[in-house]
Amino acid sequence: MTSEERKPPRVLLAAFPDHYYLPPRPTTSTAAVQDAHRQTNFLLRGELAEFEKLMNLQLRIVAGQSRARGPGVAAILTYWSRSYGGLGDACTLLACGSYASCPPLLRTVLDCIAIQRSLSGEGFAEYEEWFAASVGRDGAATSIELGRYRAASVLVSDERLGPMYRLLSDLTMPHMGSTLLLSAPEAGSQKLALGFADCSFHLGWAQLISGWLLELAAAQIEAVLASAVFAIDEALQGAAEAVPRDLAHVLDGSRRCTAAVLPDGRHVLNNFRRASTGQPKQVILG
């Protein structure tokens, strides 16, 4: 059957979780991982509680879409599913002190959010063209057109997500400086203390990553509402509209580790420290 003769597949929401739970305490792991889980849940309990709420808000929205149909629905749900899974997996890694593994997942989440924004902004025209001939047969095999699509420009110009996208991209790539920062966060000009596959708790990384998780969960909810392809009741709409206010309250604090961009384009991490009793420091990456 040629691409012109193919019929687009029916869209059907077949399965989704009914609830999101924060990562449980690991029972078989190293002492460092168990300690990281304990300290993360103690020192970041407000951030984790808000993240759990945002993940479950997403599931409440999904639960109301059993009758949703069409290419636009397929576009949002498939990218949203990847985003949701990436957020959940990154939270699990955060709780285990596996900070170096989080940036690639969060960068992918950002890409998925950007594509949702871009596709809905153009009325899903490009997606519908691909969707019409997306799945077919190649002999005995199922053939799926790849449909390459990039929407990084949507993020680059975003005042809130743009700096996060650039920093996560640098942390994801195997640059020498970012690799050093992830492997030896206490590195100084006099000593380079390397941690090989180290999962010891680090408050600075934990606060940075938890903040990114919250910002991205909120951005995902915004992207879903802006797509206008789902029917969302007033209660869920009100809960979604309250998210920015709730985040501002949770993430407020002068001692939190945060990332910013210097005038010369380099990244700066403020209040970067391993323990809550440690001396906060600045790290410039660029």
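Computed from a prediction, not measured in an experiment: that's the story for all the values here.
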Query - Atom pair CG (Leu54) and CG (Leu216), whose distance is rounded to the nearest 0.5 Å - result: 11.0 Å
Query raised in the report: Are Leu146 and Tyr127 connected in the hydrophobic side-chain network, where two residues link if heavy atoms are under 4.5 Å apart?
Result: no
Query - Over 12 foreign heavy atoms within 6.0 Å of CD, Glu129 - result: no
**Report entry** Side-chain heavy atoms of Gln282 within contact of Phe272, under 4.5 Å
**Finding:** no
Report task. Could you pull out the closest heavy-atom pair between Met55 and Gly88, with the gap in Å? Result -> CE-N, 3.7 Å
Query raised in the report: Do Gln39 and Asp35 have a side chain donor and acceptor closer than 3.5 Å?
Result: yes
Requested in this report: For residues Met164 and Trp212, determine if any side-chain heavy atom of one lies less than 4.5 Å from a side-chain heavy atom of the other.
Outcome: yes
Query - Within-4.5 Å side-chain heavy-atom neighbours: Phe196 and Ser183 - result: no
Query raised in the report: So, does His37 use its side chain to make a donor-acceptor pair with the main chain of Pro24 at under 3.5 Å?
Result: yes
Report task. Take Glu50 and Asp246, measure what side chain to side chain contact (heavy atoms under 4.5 Å, CB included) needs, and give me the verdict at the end. Result -> CA-CA 8 Å; Glu50 183 65 20; Asp246 294 342; 3.5 Å; yes
Query raised in the report: Minimum heavy-atom separation for Lys281 to Glu186, with atom names?
Result: NZ-CA, 3.9 Å
Requested in this report: With rounding to the nearest 0.5 Å, note down the distance linking OG in Ser227 to CH2 in Trp80.
Outcome: 8.0 Å
Requested in this report: Rounded to the nearest 0.5 Å, what's the gap from OH on Tyr79 to CD on Gln116? Could you check?
Outcome: 9.0 Å
Report summary line: So CG of Asn270 and OG of Ser254: to nearest 0.5 Å the spacing works out to 11.5 Å
Requested in this report: Check whether more than 12 heavy atoms from other residues, nucleotides or ligands sit under 6.0 Å from atom CZ of Arg273, and answer yes or no.
Outcome: yes
Query - Val156 vs Arg166 side-chain heavy atoms within contact, under 4.5 Å - result: yes
Query raised in the report: What do the steps show when you test Thr30 against Val33 for side chain to side chain contact (heavy atoms under 4.5 Å, CB included), and what is the final call?
Result: CA-CA 5 Å; Thr30 65; Val33 169; 3.3 Å; yes
Report summary line: One should read off an interatomic distance between Leu93 CG and Ile209 CD1, to the nearest 0.5 angstrom, of 8.5 Å
Requested in this report: Taking atom NE2 of His175 as the centre, report whether more than 12 heavy atoms of other residues, nucleotides or ligands fall under 6.0 Å from it.
Outcome: yes
**Report entry** Shortest non-hydrogen contact between Ala184 and Ala193, atoms and distance
**Finding:** CB-O, 3.4 Å
Report summary line: Looking only at heavy atoms, the pair that brings Phe131 and Ser134 closest together is O-OG, 3.1 Å
Report task. Kindly indicate whether the side chain of Val224, heavy atoms from C-beta on, has any atom under 4.5 Å from the side chain of Ile61. Result -> yes
Query raised in the report: When you measure from the side chain of Ser178 to the backbone N and O of Asp170, does any donor-acceptor pair fall under 3.5 Å?
Result: yes
Query raised in the report: Do Ser143 and Arg137 have side-chain atoms, one donor and one acceptor, less than 3.5 Å apart?
Result: no
Report summary line: Between Ala219 and Arg160 the two heavy atoms that sit nearest each other are CB-NH1, 4.5 Å
Report task. May I ask you to decide if Ala74's main-chain N or O and Thr78's side chain share a donor-acceptor pair within less than 3.5 Å? Result -> yes
Query raised in the report: Is a side-chain N or O of Asn271 found less than 3.5 angstrom from the main chain of Pro280, in a donor-acceptor match?
Result: no
Query raised in the report: side chain to side chain contact (heavy atoms under 4.5 Å, CB included) with Tyr165: which of Leu106, Asp111, Asp158?
Result: Asp111
Requested in this report: Take the angle between the ring planes of Tyr99 and His202 and call it parallel below 30°, perpendicular above 60°, tilted in between.
Outcome: perpendicular
Report task. Starting from the C-alpha separation in whole Å, work towards a yes-or-no answer on salt bridge (charged side-chain N to carboxylate O under 4.0 Å, His left out) for Arg256 and Glu47. Result -> CA-CA 11 Å; Arg256 274 191 63 85; Glu47 292 95 323; 2.3 Å; yes
Report task. Indicate if Leu155 and Leu105 have the same hydrophobic cluster label, given that clusters are the connected sets of ILVMFWY residues with side-chain heavy-atom separations under 4.5 angstrom. Result -> no
Query - Hydrophobic cluster membership, Phe201 vs Leu182, 4.5 Å side-chain cutoff - result: yes
Report task. Take His267 and Ile284 through the test side chain to side chain contact (heavy atoms under 4.5 Å, CB included) and record every step on the way to the result. Result -> CA-CA 6 Å; His267 308 289; Ile284 296 175; over 6 Å; no
Report summary line: From the list Leu87, Ile115, Ile113, Thr108, side chain to side chain contact (heavy atoms under 4.5 Å, CB included) with Arg82 holds only for Thr108
Query raised in the report: Do the side chains of Asn41 and Leu48 get nearer than 4.5 Å, heavy atoms only?
Result: yes
Query - ILVMFWY network linking Leu168 to Val283, side-chain heavy atoms under 4.5 angstrom - result: yes
Query raised in the report: OG1 of Thr40 to CG of Leu22: how many Å apart, nearest 0.5 Å?
Result: 11.0 Å
Requested in this report: Treating Ile, Leu, Val, Met, Phe, Trp and Tyr as nodes and any side-chain heavy-atom pair under 4.5 angstrom as an edge, say whether Tyr149 and Val154 lie in one connected cluster.
Outcome: no
Report task. Compare every heavy atom of Val243 with every heavy atom of Ala218, then report the nearest pair and how far apart it is. Result -> CB-CG1, 3.6 Å
**Report entry** 4.5 Å side-chain heavy-atom contact, Arg266 and Val261
**Finding:** no
Query raised in the report: Taking it one step at a time, do Trp205 and Ser210 satisfy side chain to side chain contact (heavy atoms under 4.5 Å, CB included)?
Result: CA-CA 8 Å; Trp205 279 124; Ser210 64; over 6 Å; no
Query raised in the report: Would you say Asp138 has more than 12 foreign heavy atoms packed within less than 6.0 Å of its CG?
Result: no
Report task. Please tell me if the side chains of Leu167 and Leu285 come closer than 4.5 Å, counting only heavy atoms from C-beta onward. Result -> yes
